[in-house]
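The structure appears right after this line, and notes come after that.
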Amino acid sequence: MTVYEELVARGLIAQVTDEEEIKELINNGKATFYIGFDPTADSLHVGHFMALCLMKRLQMAGNKPIALLGGGTGMIGDPSGRTDMRQMMTVETINHNIACFKEQMERFIDFSDGKALLVNNADWLTQLNYIEMLREIGPHFSVNRMLAAECYKQRLEKGLSFFEFNYMIMQSYDFYVLYEKYGCNMQFGGDDQWSNMLGGTELIRRKLGKDAYAMTITLLLNSEGNKMGKTAKGAVWLDPKKTSPYEFYQYWRNIADADVMKCIRMLTFLPLEDIEKMSSWEGAKLNEAKEILAYELTALVHGEKEAAKAKEASAAVFSGGNLDNAPGKEIGQEDFEDNSIDILKLLVLTELAPSRSEARRNVEQGGVSVNGEKVTDISKRYSSEELQGDGLLLKRGKKKFCKVTVK
RNA sequence: GGGUGGUUUCCCGAGUGGCCAAAGGGGGCAGACUGUAAAUCUGUUGCGGAUGCUUCGGUGGUUCGAAUCCACCACCACCCA
């Protein structure tokens, strides 16, 4: 099976500019392609992860990836598919984020010996001279056409500033620069990037009379049509300090039935034959698929060891067993009053509840238990002796646990 | 530059002087049911143990009392230039 066929089979490809050409290039390792990452946060998330996996797949097939960090484009912010403007970031924040991205990317992609490149578009975008720039590439863009682009639709109703409108031009210019500098002949990106990417291929054609190609990756949506990898509290991060391996594992373990197979197909590296076998699983059996998905992804992102720990902790917490790896929290002597601590404070300290009010509600509604026993008294206190040794296993709701011990 | 409309709690959106911590919906959380799924039903959803405290773009003002009235400022949308 060729790489291209595999990508199709996994449902990763959304749109392509020229299917035959792209097949030919990537199947034969002749593509030099780039994917852009704007440094919008201090960690990559699941959406980026898909892009990185794609890079890896193509790299394994002999193609050369370029990871483009958006130190320049990040100064503007992509308005595609958004209803409001992104918050402008300071240069310091952008640089910090870039450093974080770099570190995480190096764990996935092999950048040694020029097998892949890591570049920052701030290197050329910030050097541009406004007038020169306008004369050089301005004539190649039609405002009429830009406005017709799907990605601006929402913004044309809510308002789009000239500032953001330029994003597409910057991204197109990136592609052009990379083509000239590194012979980059292909761009990949999320499906929401389609318009921006076409801008690039068109600019290259108009300026250089050469063909370049673009391909978008299917956005990972759940059965309700929302982007995956997002929780009420925000994104599911790849940085273990922001989303612990346990939380990461749990996110995938709790996925909806309708989405499991799609995720396994799109996100894991399991062979397609194995995935085929799983696709007939139904009902409770699907739970096994969820375990596999959670384990595989956690292993890819955090390593086998962390994945095994997360799996064990989950098993322990949900069906009994060794709790050593369960999420835990140590509290200090200073948190005690008269050598004891009340249940609400424990819930807040362990971050199982965001505030005492919320914690109180949880207790009142019968959602809190300690060492398996339901707690209904909001003024219940625990002495520091009770927290010695193995500590207490606090549980809020069905899925949130924390083992509290004293320092 | 001129005009009109707007800015409400996580989001949408009601509220136009006291009965407002603020309707309704979405989302979240908890409970029941289950398979750590979905659907459904119930409760809950600013902070605080409580008398209470802090919120309705910002700043001042009117009033016994303001999310609601006035002034100025900021931001946004639409229309006219």
Side-chain angles (χ1 to χ4, degrees), chain A residues 79 82-88 152-164 221-228 230-236 245-264 278-279 281-295 297-298 310-321 323 326-327 337-338 340-348 350-370 374-381 393-402:
Chain A
R82 291 200 135 229
T83 50
D84 52 0
M85 191 171 126
R86 289 169 192 274
Q87 188 161 21
M88 260 204 239
Y152 292 137
K153 246 192 189 140
Q154 279 181 298
R155 296 306 294 278
L156 287 178
E157 283 166 28
K158 283 253 181 179
L160 173 69
S161 65
F162 181 68
F163 170 70
E164 297 175 274
L221 300 177
N222 64 21
S223 44
E224 268 132 39
N226 301 316
K227 268 194 197 178
M228 291 207 54
K230 289 232 162 42
T231 65
K233 286 175 201 79
V236 175
Y246 177 78
E247 288 171 280
F248 187 87
Y249 181 94
Q250 281 296 319
Y251 177 83
W252 300 106
R253 180 62 252 265
N254 282 310
I255 200 164
D257 281 12
D259 301 321
V260 201
M261 290 320 298
K262 182 169 59 186
C263 289
I264 290 188
M278 287 184 223
S279 63
W281 293 1
E282 277 174 11
K285 179 89 172 157
L286 256 183
N287 254 335
E288 287 175 39
K290 294 182 192 183
E291 260 177 43
I292 294 171
L293 172 70
Y295 181 84
L297 288 183
T298 312
K311 188 175 179 179
E312 193 185 327
S314 298
V317 129
F318 284 94
S319 37
L323 282 165
E337 271 172 62
D338 295 335
S340 73
I341 187 164
D342 71 300
I343 181 72
L344 300 186
K345 188 162 185 182
L346 277 175
L347 287 165
V348 174
T350 53
E351 289 169 27
L352 289 177
S355 67
R356 288 179 66 86
S357 291
E358 184 94 38
R360 182 163 15 88
R361 271 176 234 127
N362 286 143
V363 172
E364 282 166 354
Q365 297 183 345
V368 173
S369 70
V370 172
K374 191 176 275 192
V375 178
T376 47
D377 177 10
I378 57 167
S379 55
K380 173 89 176 164
R381 303 187 72 85
L393 182 69
L394 240 66
K395 180 180 171 197
R396 198 224 58 195
K398 292 190 186 80
K399 299 176 192 170
K400 298 243 173 155
F401 299 80
C402 187

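In what follows, chains carry the letters A, B, and so on, assigned in the order in which the sequence lines appear, proteins first and then strands, with residues in each chain numbered from 1.
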Least distance between heavy atoms, [X] atom then [Y] atom:
X      : Y      : result
A/K398 : A/F318 : O-CE2, 3.5 Å
A/W281 : A/L286 : O-CG, 3.8 Å
A/L344 : A/I378 : CG-O, 3.7 Å
A/I255 : A/K290 : O-NZ, 3.0 Å
A/T350 : A/L347 : OG1-O, 3.1 Å
A/L352 : A/K400 : CD2-CB, 3.9 Å

Rounded to the Å, how far apart are [X] [atom1] and [N] [atom2]?
X      : N     : atom1 : atom2 : answer
A/K262 : B/A37 : NZ    : P     : 18 Å
A/I341 : B/G49 : CD1   : P     : 13 Å
A/E364 : B/G48 : CD    : C1'   : 13 Å
A/L293 : B/U36 : CG    : P     : 16 Å
A/E337 : B/G49 : CD    : P     : 11 Å
A/R155 : B/A77 : CZ    : P     : 9 Å
A/R396 : B/A30 : CZ    : P     : 4 Å
A/K395 : B/A30 : NZ    : C1'   : 12 Å

| Is there a donor and acceptor pair, one atom on the side chain of A/D257 and one on the base of B/G35, closer than 3.5 Å? | yes
| Is the base of B/G43 touched by the side chain of A/Q365 through a donor-acceptor pair closer than 3.5 angstrom? | yes
Taking the [atom1] atom of each, how far is [N] from [M], in whole Å?
N     : M     : atom1 : result
B/G61 : B/G49 : C1'   : 38 Å
B/C12 : B/A50 : P     : 30 Å
B/G28 : B/C72 : C1'   : 39 Å
B/U40 : B/C69 : P     : 40 Å
B/C70 : B/G25 : P     : 32 Å
B/G24 : B/A71 : P     : 34 Å
B/U8  : B/G15 : P     : 14 Å
B/G26 : B/U42 : P     : 12 Å

Using a 4.0 Å heavy-atom cut-off, does [X] contact any base of the nucleic acid, only the sugar-phosphate backbone, or nothing at all?
X      : result
A/K285 : nothing
A/L344 : nothing
A/N254 : base

| OP1 or OP2 of B/G49 under 4.0 Å from side-chain N/O of A/R356 | yes
| said: With a 4.0 Å limit, can you tell me whether A/K399 has a side-chain N or O closer than that to the phosphate oxygens OP1/OP2 of B/A37? | reply: yes
| task | Taking A/K262 for its side chain and A/L221 for its backbone only, find out whether a donor-acceptor pair lies under 3.5 Å. | result | yes
| remark: On RNA chain B, more 5' by nearest nucleotide between A/L156 and A/A256 is A/A256
| note | Sorted by position of nearest nucleotide on RNA chain B, 5' first, the leading residue of A/K311 and A/K400 is A/K400
The side chain of [X] lies closest to which of these nucleotides: [options]?
X      : options             : value
A/S357 : B/A32, B/C47, B/U36 : B/C47
A/R360 : B/G48, B/U36, B/C29 : B/G48
A/N362 : B/G35, B/G49, B/A30 : B/A30
A/R361 : B/A37, B/U45, B/U36 : B/U45
A/Q250 : B/U34, B/U36, B/G35 : B/U36
A/S314 : B/U36, B/A32, B/G35 : B/U36
A/S355 : B/C47, B/A50, B/U36 : B/C47

| request: Using both pair distances under 3.5 Å as the test, note the stems of at least 3 consecutive Watson-Crick or G-U pairs that include RNA chain B. | output: B:1-7 with B:74-80, B:10-12 with B:24-26, B:27-32 with B:40-45, B:57-61 with B:69-73
| message | Assess the residue pair A/Y249 and A/E291 against the criterion (side chain to side chain contact (heavy atoms under 4.5 Å, CB included)); give the C-alpha distance rounded to whole Å, side-chain angles, the decisive distance to 0.1 Å, and a yes or no. | response | CA-CA 9 Å; A/Y249 181 94; A/E291 260 177 43; 3.9 Å; yes
| message | Which residue in the set A/V375, A/D377, A/V348, A/N362 passes side-chain contact (heavy atoms from CB on, under 4.5 Å) when paired with A/I343? | response | A/V375
| query | Is the number of heavy atoms from other residues, nucleotides or ligands under 6.0 Å of A/E288 CD greater than 12? | reply | yes
